[in-house]
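Okay, structure first, notes after.
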There are 2 protein chains.
Amino acid sequence: MLLMNVKSLCLGILTFGEATGYEIKKAFETQFSQVYDAGFGSIYPALNQLTTSGYVSCRQEQQEKRPAKKIYSITESGLDFFLKELHKAPAKDKFRSETLTKLIFADMLPRENISILIDQVIDDYNNYVVDLSDSCCEKQSQSEKFLCGFGITVRQAAIKYMQENRHLIESASSSSSQQAAE
Amino acid sequence: MLLMNVKSLCLGILTFGEATGYEIKKAFETQFSQVYDAGFGSIYPALNQLTTSGYVSCRQEQQEKRPAKKIYSITESGLDFFLKELHKAPAKDKFRSETLTKLIFADMLPRENISILIDQVIDDYNNYVVDLSDSCCEKQSQSEKFLCGFGITVRQAAIKYMQENRHLIESASSSSSQQAAE
DNA sequence: CGGAACATGTAATACGTTACATGATTAA
DNA sequence: TTAATCATGTAACGTATTACATGTTCCG
């Protein structure tokens with residue numbers, strides 16, 4: 001099992017303290033948003049499997065007019081397992097960009113389309129930087145601040161590069177593609 | 001279907017000209033290495049499915065003492081499909097780093113371990129930059145150069161950030177974790 | 001003689017997404 | 001009244017990875 005999957009990360013989140021599936025989802029949306037995102041459809045099954053493996057234990061708390069809360073805690077063997085994962089050599093970093101992938105085929109797209117595409121990525125990145133900058137201040141741990149700063153820095157560099165080099169692909173796109181595109 | 005999957009990308013590669021599965025694999029390793037990687041176990045089934053869908057056609061070339069080459073070409077309907085994919089709004093960019101993910105749990109790792117981890121990512125990034133810089137010169141199309149430069153710039157920014165900020169997490173890691181880790 | 005490159009494929013497995021299903025509470 | 005938040009889950013599907021299976025040629 002890799003570190004970067006729902007199960008391991010649920011376990012990791014539980015090292016910070018007990019939590020429900022719902023709360024774990026929120027952790028994915030905040031602390032872990034930069035490196036992972038998981039939906040309920042991944043989290044709940046993961047927690048069930050972790051329970052079966054004995055890596056987490058589950059205590060139920062009845063609530064009126066709501067489904068009972070299932071509060072999960074990491075067990076000793078769960079912590080053990082997680083630490084072993086943490087000591088394994090990490091896989092290489094991967095950057096996946098659909099936009100950049102599309103731009104490889106820039107010759108097949110009309111000029112205008114390319115410009116819109118680039119405008120949008122820049123915009124996305126800008127928004128991302130703004131969001132991170134806001135949340136960064138609230139972060140308590142050093143490692144979270146480090147991660148936050150990383151995300152900001154890298155995206156700012158990406159924005160700058162795109163602004164300075166977009167002409168390379170914006171000028172090159174041929175008009176002959178429009179017939180095929182339409 | 002998304003743009004960023006084996007099938008669409010095989011189709012995309014075939015817009016550059018006919019190719020065998022083996023050659024497509026090489027295209028993934030070179031031109032597309034930054035944005036995707038696919039093994040034979042993904043490519044061959046993909047090509048079969050694309051053939052069934054009528055998006056590619058296949059011509060066989062007998063060879064002595066080797067399995068017959070299957071040379072694939074994109075069909076009209078395949079090109080049509082690909083262009084439609086190309087015109088869809090792209091998904092948001094994702095950056096996945098196991099190392100950064102691990103570093104969120106820096107408090108649970110011994111100081112030394114963290115330093116090694118950071119040294120290794122920086123090293124990986126440096127190697128990546130070197131490889132890209134070499135291959136960049138050979139690139140013919142503008143869009144490939146753009147992508148290449150992007151990869152270099154972003155990684156250089158990442159390296160710089162890590163060098164300047166690693167102390168944030170290197171100093172914070174507690175020694176109390178060592179007992180649990182061992 | 002060993003390893004890389006050429007050449008294709010299948011089967012089992014792992015992993016995650018999406019849609020579906022249910023239903024109360026609270027704030028705008 | 002409408003959307004968001006709280007709260008859990010299943011089933012179907014899409015997608016990719018890994019290991020297995022086979023065999024030749026060429027270079028060092």
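Only a predicted model underlies this, so the values are computations on that prediction, with no experimental measurement involved. In what follows, every chain begins at residue 1, and chains take the letters A, B, ... in the order their sequences are listed.
Taking the ring centroids of A:Phe95 and B:Phe150, they lie under the 6.0 Å cut-off.
Other residues, nucleotides and ligands place more than 12 heavy atoms under 6.0 Å from the NZ atom of A:Lys145. Within a 6.0 Å sphere centred on NZ of A:Lys160, other residues, nucleotides and ligands contribute 12 heavy atoms or fewer.
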List every contact pair, protein side and nucleotides 19-24 of chain C side both N or O, where the distance is under 3.5 Å.
from: C:dA24; atom 1: O4'; to: A:Lys65; atom 2: O; distance (Å): 3.3

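Whole-Å rounding puts the B:Leu47 CG to D:dT15 P distance at 16 Å. Between B:Gln49 atom CD and C:dT8 atom C1' there is a gap of 16 Å when expressed in whole angstrom units. A:Lys94 has its NZ atom 13 Å from the C1' atom of C:dC15, to the nearest Å. With rounding to whole Å, A:Lys69 atom NZ is found 10 Å from D:dC6 atom P. Taking atom CD1 of residue A:Ile43 and atom P of nucleotide D:dA7, one finds them 14 Å apart after rounding to whole Å. To the nearest angstrom, C1' of C:dA7 lies 12 Å from CD1 of B:Ile71. Remark: P of D:dT17 and CZ of B:Arg96 are 14 Å apart, rounded to the nearest angstrom.
Note on ring orientation: taking the six-membered ring where Trp is involved, the planes of A:Phe146 and B:Tyr161 are tilted (angle from 30° to 60°). The aromatic rings of B:Tyr36 and B:Phe28 are tilted relative to each other, their planes meeting at an angle between 30° and 60°.
A salt bridge between B:Lys26 and B:Glu29 is absent, with no side-chain N of the basic residue lying under 4.0 Å from a carboxylate O of the acidic one. Between B:Arg96 and B:Glu98, no side-chain nitrogen of the basic residue sits less than 4.0 Å from a carboxylate oxygen of the acidic one, so the salt-bridge criterion is not met.
Residue A:Gln63 places at least one side-chain N or O under 4.0 Å from the OP1 or OP2 atom of D:dA7. Of the side-chain N and O atoms in B:Tyr44, none sit less than 4.0 angstrom from OP1 or OP2 of C:dA7.
Annotation: proximity of residues 7-31 of chain A to DNA chain D (heavy atom, distance under 4.0 Å) is found for A:Thr20, A:Gly21, A:Tyr22, A:Lys26, numbered in ascending order.
Closest contact between the side chain of A:Pro45 and the listed nucleotides C:dG9, D:dT10, C:dG16 involves D:dT10. Here D:dT17 is the nucleotide among C:dG16, D:dT17, C:dG9 with the atom lying nearest to any side-chain atom of B:Asp37. Out of D:dT8, C:dT17, D:dA16, the shortest distance to the side chain of B:Asn5 is found at D:dA16.
When every heavy atom of B:Glu23 is checked against every heavy atom of B:Glu18, the shortest pair comes out as OE1-O, 4.5 Å.
In the hydrophobic clustering, where aliphatic and aromatic side chains (Ile, Leu, Val, Met, Phe, Trp, Tyr) are joined below 4.5 Å either directly or transitively, A:Tyr22 groups with A:Phe40, A:Tyr44.
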